[in-house]
Amino acid sequence: MQALILAGGKGTRLRPLTMHTPKPIVPIAGRPFLLYQLELLKRADVRDVILSLSYQPHKIEDRLGDGTDLNVRISYAVEATPLGTAGAYRNAAALINETTVVFNGDVLTDIDINEVIRFHRERKATATIVLTPVPNPTAYGLVETEADGRVRRFLEKPKPEEVTCDTINAGIYILEPRVLDYVPEGEPFMFEYGVFPQLLERCEPFYAYTWRGYWRDIGMAASYLQANMDVLAGEVKLLPPPPAERGDKFDPASEIDIASVVDPSCTVKAGAQIINSVVSRNCLIEESARIVESVVRGGSRVGAGSIISGAIIGKGCHIGRAVTVERGSVLGDKSVVTDYSSVLGVGI
């Protein structure tokens with residue numbers, strides 16, 4: 001088995017957090033996001049992994065290398081121009097020679113890939129798509145199936161009266177190499193609109209596996225923040241949060257709860273409180289600052305008496321004294337908030 005992770009998007013829905021950091025390596029609870037997907041694949045003993053890249057590929061390659069340190073073998077297929085989901089799959093054709101697990105690069109889940117592979121093989125499928133239920137499927141494309149799991153049809157962003165099921169495309173596929181024959185070379189092409197309709201028209205054995213466990217698209221700020229909270233809460237059965245470790249510059253009079261992940265390189269001064277939050281490398285948290293249910297990226301400074309609640313702070317930010325950053329706020333890298341200011345949330 002091989003795997004292809006579609007990690008070439010610009011992360012536009014997650015801006016400003018992805019302006020300088022490609023979405024595949026934005027950190028979740030202190031670890032690059034891709035490490036969660038790689039862990040999922042390793043559990044299924046899928047260790048031959050292709051990363052399809054386009055946006056800032058060197059940053060991802062520099063971070064992951066050839067995968068030796070992660071106990072996988074990583075190859076790279078870089079798109080000169082964005083080719084869409086299926087176009088990226090076709091672009092990696094020279095590296096694909098067997099059944100392939102394909103992941104969208106913004107899906108956080110703890111699905112048992114072994115079970116999906118077993119399901120695919122038992123049905124001798126050409127393609128298997130993973131589905132997941134959502135409360136409001138009108139914002140997505142529905143996938144209807146037959147009783148035996150065969151895909152019946154796709155219905156894009158249906159009206160409420162058109163909803164017949166609650167299952168949507170989860171962005172995970174098992175594909176046989178001959179699916180490449182359905183994708184034109186060197187042009188933008190999508191699985192959803194190009195490949196899958198052809199499989200149905202040709203009556204290929206095309207099945208759906210429904211997963212009702214943990215699944216989240218981290219591509220928007222609110223969902224990215226919630227993904228961090230879910231990992232801290234132990235809801236994602238993959239990589240546990242890094243072990244709590246009080247750094248040499250954590251004042252004994254500071255308070256850091258057991259759920260939080262605070263990098264030991266940080267400076268945390270007396271009276272500071274960090275509750276259910278993630279604080280990355282080399283941050284300075286000054287006296288009596290309070291951080292609750294938030295993510296603070298590396299190299300940021302939070303001034304004395306400031307309160308950050310339910311917010312995301314980018315890298316290298318300066319939050320002045322007695323500042324309030326309200327729930328739903330997202331600050332891009334190197335943002336400056338002057339003393340005594342308030343940042344109103346926008347409901348991320």
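Values below: every heavy atom of this structure, side chains too, minus hydrogens, waters and symmetry copies. Everything numeric in this text was worked out from a predicted model, so none of it was measured.
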Will you find, in the side chains of D251 and S254, an N or O donor that is under 3.5 Å from an N or O acceptor? no
If you measure only the distance, is there a donor-acceptor pair under 3.5 Å linking the side chains of E79 and S52? yes
What I want to find out is whether R321 reaches E286 closely enough, with some N-O distance under 4.0 Å, to be called a salt bridge. no
Residues, nucleotides or ligands: over 12 heavy atoms within 6.0 Å of [X] [atom1]:
X: D181; atom1: CG; result: yes
X: R202; atom1: CZ; result: no
X: D62; atom1: CG; result: yes
X: R152; atom1: CZ; result: yes

Are the side chain of [X] and the backbone N or O of [Y] linked by a donor-acceptor pair below 3.5 Å?
X: S306; Y: A289; answer: no
X: S294; Y: V292; answer: yes
X: S280; Y: D263; answer: no
X: S223; Y: M220; answer: no
X: S265; Y: N282; answer: yes
X: D333; Y: G314; answer: no
X: D112; Y: N114; answer: yes
X: T100; Y: E98; answer: yes

Mind checking the [atom1]-[atom2] spacing from [X] to [Y]? Nearest 0.5 Å is all I need.
X: I312; Y: L331; atom1: CD1; atom2: CG; value: 9.5 Å
X: Y207; Y: L199; atom1: OH; atom2: CG; value: 13.0 Å
X: I291; Y: Q273; atom1: CD1; atom2: CD; value: 10.5 Å
X: Q37; Y: I113; atom1: CD; atom2: CD1; value: 9.5 Å
X: I96; Y: N91; atom1: CD1; atom2: CG; value: 9.5 Å
X: H120; Y: T128; atom1: NE2; atom2: OG1; value: 5.0 Å

Looking at side-chain heavy atoms only, is the closest gap between [X] and [Y] below 4.5 Å?
X: I28; Y: Y224; result: yes
X: V101; Y: I174; result: yes
X: V296; Y: I274; result: no
X: T99; Y: E176; result: yes
X: Y209; Y: E115; result: yes
X: F206; Y: I129; result: yes
X: V130; Y: W215; result: no
X: L64; Y: L35; result: yes

Distance-minimising heavy-atom pair for [X] and [Y]:
X: P22; Y: Q56; value: CD-OE1, 3.5 Å
X: L53; Y: E61; value: CD1-CG, 4.0 Å
X: A270; Y: A253; value: CB-CB, 3.9 Å
X: A259; Y: N276; value: CB-OD1, 3.8 Å
X: F191; Y: P197; value: O-CD, 4.0 Å
X: S277; Y: E293; value: OG-N, 2.9 Å

Looking at the rings of Y89 and Y173, which for Trp means the six-membered one, are their centres under 6.0 Å apart? no
Decide whether [X] and [Y] are clustered together by the hydrophobic rule: side chain heavy atoms of Ile, Leu, Val, Met, Phe, Trp, Tyr closer than 4.5 Å, transitively.
X: W211; Y: V151; result: no
X: V330; Y: V302; result: no
X: I285; Y: V262; result: yes
X: I111; Y: F33; result: yes

For V26 and I218, what are the C-alpha separation, side-chain angles and deciding distance, and is it a side-chain contact (heavy atoms from CB on, under 4.5 Å)? CA-CA 10 Å; V26 294; I218 69 149; 4.3 Å; yes
Run I5 and L41 through side-chain contact (heavy atoms from CB on, under 4.5 Å) and show every step you take. CA-CA 10 Å; I5 299 177; L41 293 168; 4.2 Å; yes
Check the pair L180 / R90 against side-chain contact (heavy atoms from CB on, under 4.5 Å), numbers first and verdict last. CA-CA 6 Å; L180 289 166; R90 185 68 176 83; 4.2 Å; yes
Take V183 and V195, measure what side-chain contact (heavy atoms from CB on, under 4.5 Å) needs, and give me the verdict at the end. CA-CA 7 Å; V183 187; V195 175; 3.6 Å; yes
Just jot down the side-chain hydrogen bond (donor to acceptor under 3.5 Å, both in side chains) partners of S75, sequence neighbours excluded, or say none. none
Identify which one of T132, D230, D110 satisfies the side-chain hydrogen bond (donor to acceptor under 3.5 Å, both in side chains) criterion when paired with Y214. D230
Tell me, please, which residues at least two apart from E39 pass side-chain contact (heavy atoms from CB on, under 4.5 Å). K42, R43, L238, L239
